[in-house]
Amino acid sequence: MTDLTDLGVAAIRDGFRAGDFSAREVADAFNASVTAGRKLNAFLVETPEHAIEAAEAADRGRATGELRALSGVPLGIKDLFCTAGYQTTAASHILEGFTPTYESTVTAKLFGAGAGMLGKLNMDQFAMGSSNETSAYGHVLSPWRRNDGGNAPLAPGGSSGGSSSAIAARLAPGATGTDTGGSIRQPAAFTGISGIKPTYGRCSRWGVVAFASSLDQAGPMARDVRDCAILLEAMSGFDPKDSTSLDLPVPQWEAGLSSDLKGKRVGIPKEYRVEGMPAEIEALWESGIRFMKDAGAEIVEVSLPHTKYALPTYYIIAPAEASSNLARYDGVRYGVRELPEGASLADMYAATRSAGFGAEVKRRILIGTYVLSAGFYDAYYTKAQKVRALIARDFERAWEACDLLLTPTAPSAAFALGEKVADPLSMYLNDVFTVPASLAGLPAMSVPGGLDATGLPLGLQIIGRPLDEQGVLNAGLAIEERAGFTARAEKWW
Amino acid sequence: MSSYRIQGATGEWEVVIGLEVHAQIATRAKLFSGASTEFGAEPNTQVSLIDAAMPGMLPVPNGECVRQAVRTGMALGAQINRWSRFDRKNYFYADLPQGYQISQLYHPIVGEGSLLIDADEKAGIAEPKTVGIERIHIEQDAGKLMHDQHPTRSYVDLNRSGVALMEIVSKPDMRSPAEAGAYVRKLRSILRYVGSCDGNMEQGSMRADVNVSVRKPGEPFGTRCEIKNVNSVRFVQAAIEYEATRQVDVIESGGTIVQETRLFDPDKIETRSLRSKEDAHDYRYFPDPDLLPLELSEEFVAECEASLPELPDAKRARYEGPLGLSAYAASVITADVETARWFEALLAATGKPEAEVAKAASNWLTSDLFGALNRLGKSIGESPVTPAQGAELLGLVADGTLSGTLAKQVFEIMIETGDDPAKIVEERGLKQTSDTGAIEAAIAQVMAANADKVADYRGGKDKLFGFFVGQTMKAMGGKANPAVVNELLKKALA
Amino acid sequence: MSVDANTVRKIASLARIAISDREIEAMVPELNNILGWIEQLGEVDTDGVAPLAAVIPNHLRLRDDVVTDGDDRDGVLKNAPQAELGFFAVPKVIE
Ligand SMILES: [Mg+2]
Ligand SMILES: [Zn+2]
């Protein structure tokens, strides 16, 4: 029998239904893989009992003919999702020991569909970071290594770096991620897997630790496009508890998968040809264009004139919202409390937040506090929301000329850990291609497109119109079928 | 015009007052969560995960709060903003779990309107006065901090956290403590008519932030101080008196007024600087990204409009006009919605045209019923007599069954027993009689027993007529129809 | 606009984050670097542009006025660092 951890979500689901193996066998195999993969530091909390319980329920269900969408499938859950009875920290010291009494809507949907949880996945603290180095519990390692003989530990991307590493290393067949400015797509690209951020409002934010409310979206990460479609279908849907949730039925994305792009116009935004783009990334993009043409699409050049301003806009809006969203971490109702001798309430707040938040979180809170402070609000925040409106308008105009956009996901392959931490700005620039779609709330996906010269995966990004996840998934499938991406990280852990 | 002036060493000063009234919107559930708003529960038992600002919790607005704010705006003749938005006011305090209050700064739901305060000679308000309303916005209440349970700790109760408030902001149009008092009373009256707030100041359903400044008459506004959370009309007036005098003293002794937040101490009747919140004045307001703009549909607004009751000013005009009540009675009866409702139920229960019975009904209500309730220390809502019983009593007087005196007797028994007047009259034989035979017999008896007085009367001592009426009534056990007694006596004594 | 040590101290205090002088020193150039980069937005002509209000067209739904939540004091206090007599406890606040 094949190693069960080599199977993806669809293969597990179908094999389980066909009776090729039991759900319990699958859970055991992945639980063992999680244990064996501890060197990667992908999991903050391991929950083998949760996976086993769900598996046993699935096995009993199969015996009585009760099969659910994800019966038999174990998943990793990013630690940003509140999970009832399991510690949820957003990889921050300030939430250490916090055990929610409630289940996030997204995890409740997944578990309700029969999935089990392998554990809580490490991440950049409060989802702020692109390399997983801001976690309070140590960074995650990418399972990938350069083929240049060097053993430089590489970043799995961020913030959903535990998710990307775990999937790439076969510790989980799929996982949840969240994406505020690229946190699903960039780590997917860095680790040779797929991930989709749906339209803002598709997945409920209820029970997801907030970073930047107007940008945060949950989405799935998995080994291929079909697996993403299956998981997204289970995660999505209207939630009356989230005021920004879209009251729309969930399309049958898996059933709708088709890599035939005849009649589709794929736009190539000229402003994404940024200065100093590595030749390898250019070449990746060119092959993506060939794949699209081969699948029957028409290629058109489009212009998104405000692209250049997307990152600075993001670095006003996201920290502003975060500075307010993170005000609740004050040591009163949950998490860590620092109470120096004789401290007043204000002292307790300051000490708790100083000790509890990591450096990057503090940096962003300070930026956010500054841009909202008296006298600066209009110059920064209002201005940014206006530019954001222009960025959204750029996309609307592009949709007159095309149905989808194709871009690279990130400006480079995975960088080495420690390479960018000293310079926050250079880290921020890593999200240059993913942030615009986040600002406009558009569905966007990364799929592996090839390898760089050192044998590291590179991702291609597809951006779609609002609500056109199907179009995005289909184009992703067309790339997947043509890229023939079969590389995987050699096991060293 | 009001002529309230503070006599300072350098001359007369005028006081300028604006009020921000926080009124709890009368709803079952909180503004952004499904937890109850019931008063007086055990600590932290009416707290949802949203109110406690647990990670990942999100607000969903209660439509009734929006509806009541809109109806209140309409009752104040205010601009209703079809597009408004919630903003976050950011500051840290132990009673504020989110670290921000969801409020409306940039685009409030209600814009400019006005409120008419009534003339009140006794209070020095010579004529009715219009006070401008600046805006009304919806916001969350904070939790409660208890300081006296532990020597080194304060305790936090989040039951009030997230309860819906309307902040009703006036223009700085008031010029005396009496005007401010009248404004709060009138506002409270309107809120209770609309049903958007129960107006219960003791339970904290209404609190006022009082902005006070002083100036020499005719000069520009002075620097103002804001006195926070004053919770009765009496205290609002006392706080203004104290604060205005304090400001005059400061200025006249060469000082300047600093714009600041002050606290009213109801025990000492003074205001004190509230330095603890001084440094938190940068609230970093921005639109709440968890909530979309609040857009009101035409149907929603139309429903709010259609559901508005007749308001106190209109009702008062109708009572004075078509119903023919005295200005006094009209004002007393319309001041509180419960009284007005009781009165109208009374009129309806008489089954007669309103204009025909209104006067007698208002007289009875404002003298007999109010008198009894006063004695019992009860509100009209707790009246032991129902409007239907009151109407029945008035009917018995109108059809001559009861004399005024008998009616008072019957009413006292109604108050005591809660019985219907007809039953009381029947059981106790309190019916007034117009039986001429019986009255004539009684008159004959009285005249026989007082032959000397009959002679005196006939001899010109007209004043004795009252004596014969009294004696006859006494002989009749108080139940004779006085008009019939008069008529027959006149005949018999002629 | 650029920030100095005093401004950073003030922002940190507004954000209730204790910060040492050494940290402030490091933070000043870092924040100025980021803020300087952010300020390129000044180049964009936004005259007559309304700030974005909703990312994806959607309307704010209103809840019915029904009590559906609460009555779970244990759950609310469960994670509290210090809870006593049914309350959250904090250092004494002098008002
Ligand atoms: Mg105020
Ligand atoms: Zn207020």
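The sequence lines fix the lettering, A, B, ..., with proteins before strands; numbering per chain opens at 1. A quick note: this is a predicted structure, and the numbers were derived from the prediction, not measured.
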Check: [X] side chain, [Y] main-chain N or O, donor-acceptor pair, under 3.5 Å:
| X | Y | result |
| --- | --- | --- |
| C:E39 | C:G36 | no |
| B:S297 | B:F300 | yes |
| C:N32 | C:V28 | yes |
| B:R160 | B:G143 | no |
| B:N44 | B:D157 | no |

Give, as side chain, backbone, both or neither, the part of [X] having an atom under 4.5 angstrom from any heavy atom of chain B.
| X | result |
| --- | --- |
| C:V66 | backbone |
| C:A15 | backbone |
| C:D64 | backbone |

Side chain / backbone / both / neither for [X] at chain C, heavy atoms under 4.5 Å:
| X | result |
| --- | --- |
| B:S36 | both |
| B:L158 | side chain |
| B:V66 | side chain |
| B:R284 | side chain |
| B:L31 | backbone |
| B:P43 | both |
| B:E42 | both |
| B:S33 | backbone |
| B:P289 | neither |

Legend entry - Contact winner vs chain B - C:D72, C:L77, C:N58, C:D74, heavy-atom pairs under 4.5 Å: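 Of the options given, most contacts go to C:N58.
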Inset, instruction - Please determine, among C:G70, C:A54, C:P51, the option with the most heavy-atom pairs under 4.5 Å with chain B. - result: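 Counting heavy-atom pairs under 4.5 Å, the top option is C:G70.
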Inset, instruction - Verify the ring-centre separation between C:F88 and B:Y155: is it less than 6.0 angstrom? - result: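 Centroid separation for B:Y155 and C:F88: 6.0 Å or greater.
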Legend entry - Output field: ring centroids B:Y242/B:F235 closer than 6.0 Å: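 That pair fails the under 6.0 Å test.
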Inset, instruction - For each of B:N62, B:L294, B:T152, tally heavy-atom pairs with chain C at distances under 4.5 Å, and name the one with the top tally. - result: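 Among the listed options, the one with the most contacts to chain C is B:N62.
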Inset, instruction - Flag this pair as yes if the NZ/CZ of B:K89 is under 6.0 angstrom from the six-membered ring centre of B:Y283 and inside a 45 degree cone about the axis; otherwise no. - result: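 Output yes; distance and angle both within limits.
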Legend entry - With B:E139, the side-chain contact (heavy atoms from CB on, under 4.5 Å) member among B:S103, B:C65, B:P108: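 Going through B:S103, B:C65, B:P108 one by one, the side-chain contact (heavy atoms from CB on, under 4.5 Å) with B:E139 is satisfied by B:S103 alone.
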